[in-house]
Amino acid sequence: MRQAGTYSGILSGGISGKTGPHLLPLARIKKIMKKSGEDVKMISGESPIVFSKACELFIKELTQRSWMVTMQGKRRTLNKEDVASAVMATDLFDFLVNLVSESGKSGEAPSPLELDTFTSS
């Protein structure tokens, strides 16, 4: 049986639609969820809250790993190359490798169309 983890409070009432402000817009999250597939029609009110927290944790983890790369380079400003290096060095972020390697080649951020390719799988 799976052990309760650090984030188990998320699903057991630790977060509700009535507690505190959310760092990410729930309406935008719900919109992304609905665009994820034709089969997705109804989404409960609690689902975007869980996704919001998951996104916050993801951003925090990627930022911490990217910051370690920044510090190894003896710099004080995190840049996109640091994020790309953190993605490349971490198996957990393998799903982002194509995104960071393609944007890194051209020297500019991927277009919204390119980003949509990654989100509409």
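Note that these values count all heavy atoms, side chains included, but never hydrogens, waters or copies made by symmetry. When a residue number appears, it is its place in the shown sequence, counting from 1.
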Other residues, nucleotides, ligands: >12 heavy atoms within 6.0 Å of E38 CD:
no
In short, M33 meets V40 closest at the heavy-atom pair O-CG1, 3.7 Å
Scanning both residues in full, the closest heavy-atom pair of V83 with S66 reads CA-OG, 3.3 Å
Output for pair (L62 CG, L57 CG), nearest 0.5 Å, gives 12.5 Å
Between the CD1 atom in I29 and the CG atom in L24, the distance rounded to the nearest 0.5 Å is 5.0 Å
Between K41 and K34, the two heavy atoms sitting closest are O-CE, 4.2 Å
Here the pair of heavy atoms bringing I43 nearest to P48 is CG2-CD, 4.0 Å
Q) Side chains of L23 and S52: does their closest heavy-atom pair fall under 4.5 Å? A) no
Residues at least two apart in sequence or cross-chain that pass salt bridge (charged side-chain N to carboxylate O under 4.0 Å, His left out) with R75, listed by chain then number, are D82
Aromatic plane relationship, F58 with F93 - under 30° parallel, 30 to 60° tilted, over 60° perpendicular
perpendicular
So T70 and T77, do their side chains get closer than 4.5 Å, heavy atoms only? no
| query | Given the rule in the side-chain contact (heavy atoms from CB on, under 4.5 Å) test, do V100 and M88 qualify, once you have shown the distances and angles that lead to the verdict? | reply | CA-CA 8 Å; V100 297; M88 298 293 205; 4.2 Å; yes
Salt-bridge present (R65, E61; N to O < 4.0 Å)
yes
Between V97 and V87, the two heavy atoms sitting closest are N-CG1, 3.9 Å
Contacts of S47 meeting side chain to side chain donor-acceptor pair (under 3.5 Å) (sequence neighbours excluded), chain-then-number -> S44
